[in-house]
Number of protein chains: 2
Amino acid sequence: MAQEQAATSGRSYRDPCGVCLDCAVRRQAVCAALEDHELGALQAIMVSTRIGAQQTVVEEGQPRRRVFTLTSGMLRLYTMLPDGRRQITAFLLPGDYLGLGDESSYDQTAEAVVDSVLCGFPVAEMDRLMERYPRLQLRLNQMTRIALRQARDSQLILGRLAPVEKLASFLLVLSERQAESGEPESPVHLAMTRTDIADYLGLTIETVSRSFTKLRLQGLIQLPEAHQVEIIDRRALTAVAGITPR
Amino acid sequence: MAQEQAATSGRSYRDPCGVCLDCAVRRQAVCAALEDHELGALQAIMVSTRIGAQQTVVEEGQPRRRVFTLTSGMLRLYTMLPDGRRQITAFLLPGDYLGLGDESSYDQTAEAVVDSVLCGFPVAEMDRLMERYPRLQLRLNQMTRIALRQARDSQLILGRLAPVEKLASFLLVLSERQAESGEPESPVHLAMTRTDIADYLGLTIETVSRSFTKLRLQGLIQLPEAHQVEIIDRRALTAVAGITPR
DNA sequence: CGTGTCTTTGAGGCAACTCAACACTCGTGG
DNA sequence: CCACGAGTGTTGAGTTGCCTCAAAGACACG
């Protein structure tokens, strides 16, 4: 396992050039709740952080002092059992918020899947800001509700779908999220490894690999590279998934 | 399947005698956020509803017009696949709130496991009340965060635990929740059927039954009745569960 | 060019599922 | 009072499919 190598944080700094106004996730993240002229207040408490792939952002059990918006890259959120079994509960994409479910301490570990950039906010100052701008609070609640729905979708996938169905629905969700970010639906880019996918879907890497092969042999997808999935027959893939992705 | 028999609501009425002040879940439910003298506002929009076992409270897809606090009994929240496979994502106990994750329409079906009593609130009036009492809003957000954490715990259980481990952790969680309600920890009362447990843990009823037998033969539990579980060796049961319940 | 990581594929075993039968409880009605 | 049927839970036998173990290919990096 490579991700145990480092728990160090990346370099932090007041972002010199990238202002919130020009941010790539300005319309997706928490900040979407604020008007342009209100952004300064958020930017004043914001610290931009770059983090390398496989590095830990926050660790389960640590005091929850900062919350984050992911602006680029990808994070995995996971819980680990004493014997090493791991369950990834979510992949965070740009615009997503880190710290939604946590109370006084983080209850899951967050690691960067690839090099990522985060906006960090001190919890205390964020709380003050939410009192000042109630819409910020409302937006955060909405994002928590969305996360809850996603977690419950995941429960269905983990509990009742067969391996191929799990993978099909996973690919469709990724495809949808790519589309939401303005990228094309079809060549789905898998930033995570097969191990990550397995630990997200409750499978072994071998079963994940075999499921990819099955979908490929059925002509539903193509795999030009291991991390590039071309969706050939979306309708059939949806049928295999058993569920209509939200 | 018996639960398809009825989608009718129980009788609704302004509760004549039971006032919020004397409510059994006054300190656990949303209303815990309000002072005694503020309760009247909540009670004014509240409609108490009795619902029989197996009856549907809200159905997936319906417009979310009312939200509820469960005051007695038990609900199951579930999603169903077109082919009949079912995943129960949560069991709601007295004090729990129904409608946390939903936006404009319910995204899961809620059914009564046993005869239950609910406090119903029109969404529009509840929203107005939350503006008037910000603490109500905060409390609801906190409950959503708790639900999110529970859903993520469930993801771990579904994705990475073996059947016996799943059942052990399920029993421990129920035991804990009983204790929170002031009841004894040990004879855990299982209001739901084996089918419900199976659909919650991602197993078949036979595997659930065999797992009960395994725990019993190992001397960790006793089963005087099918719905009564005496926890004999809590430490060993926790070890089997693999996780420390929150 | 060797080393390490990641992915895929193959072979075999075991555990959970499927199918089936039986025990038990609880109503209902003869 | 007992026979009967429906619903629920347990147990057994057999099968399927996922996991385990193993190996080889692909690729990046030093």
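Lettering follows sequence order; numbering is per chain, from 1.
- If you check residues 206-222 of chain B against DNA chain D, the residues with a heavy atom closer than 4.0 Å are B:E206, B:S209, B:R210, B:T213, B:R216, listed by number.
- Taking the centre and axis of the six-membered ring of A:F91, the NZ or CZ atom of A:R76 falls outside the cone set by 45° and 6.0 Å.
- One interatomic measurement links the two molecules: CD of B:Q54 to C1' of D:dA6, which rounds to 14 Å at whole-angstrom precision.
- If you measure from atom CZ of B:R194 to atom P of C:dC24, you get 16 Å, rounded to the nearest angstrom.
- Rounded to an integer number of Å, the gap from CG of B:L201 to C1' of C:dC17 is 16 Å.
- Taking a cutoff of 4.0 Å between a charged side-chain nitrogen and a carboxylate oxygen, B:E185 and B:R234 qualify as a salt bridge.
- Between B:Q228 atom CD and D:dG9 atom C1' there is a gap of 16 Å when expressed in whole angstrom units.
- The existence of a salt bridge linking A:D196 and A:R86 is confirmed by a sub-4.0 Å separation between a basic side-chain nitrogen and an acidic carboxylate oxygen.
- B:R216 and B:E230 are not joined by a salt bridge, as no carboxylate oxygen comes within less than 4.0 angstrom of a charged side-chain nitrogen.
- Spacing between atom CG of B:D199 and atom P of D:dG9 amounts to 12 Å, rounded to whole angstrom units.
- In this entry the distance linking CD1 of B:I197 with C1' of D:dG9 reads 11 Å, nearest Å.
- Across C:dT7, D:dG9, C:dC17, the shortest atom-to-atom separation from the side chain of B:T204 is found for C:dC17.
- Heavy-atom nearest nucleotides on DNA chain C were determined for A:M192 and for B:P163, and the one closer to the 5' end corresponds to A:M192.
- For the pair A:L223 CG and D:dA26 P, the interatomic distance rounds to 16 Å; values are reported in whole Å.
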Inset, instruction - Please step through side-chain hydrogen bond (donor to acceptor under 3.5 Å, both in side chains) for the pair B:Q87 and B:Y200, ending with a clear verdict. - result: CA-CA 6 Å; B:Q87 178 64 45; B:Y200 180 71; over 6 Å; no

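- When all heavy atoms of A:S116 and A:L75 are compared, the closest pair comes out as OG-CD2, 4.2 Å.
- Geometric assessment of B:R66 against the ring of B:Y106 yields a negative cation-pi assignment under the 6.0 Å and 45° thresholds.
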Legend entry - Derivation and outcome, side chain to side chain contact (heavy atoms under 4.5 Å, CB included), residues A:Q155 and B:L158: CA-CA 7 Å; A:Q155 285 179 265; B:L158 287 167; 3.8 Å; yes

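- For the pair A:L167 CG and D:dG17 C1', the interatomic distance rounds to 17 Å; values are reported in whole Å.
- Ionic pairing of B:D96 and B:R177 is present here: one or more N-O contacts between side-chain nitrogen and carboxylate oxygen are shorter than 4.0 angstrom.
- Comparing the start and finish of the helix from C:dC1-D:dG30 to C:dG30-D:dC1, five pairs each, the helix axis swings through 20°, to the nearest 10 degrees.
- Nearest to the side-chain atoms of B:H227 among the listed nucleotides D:dC18, C:dT7, D:dT8 stands D:dT8.
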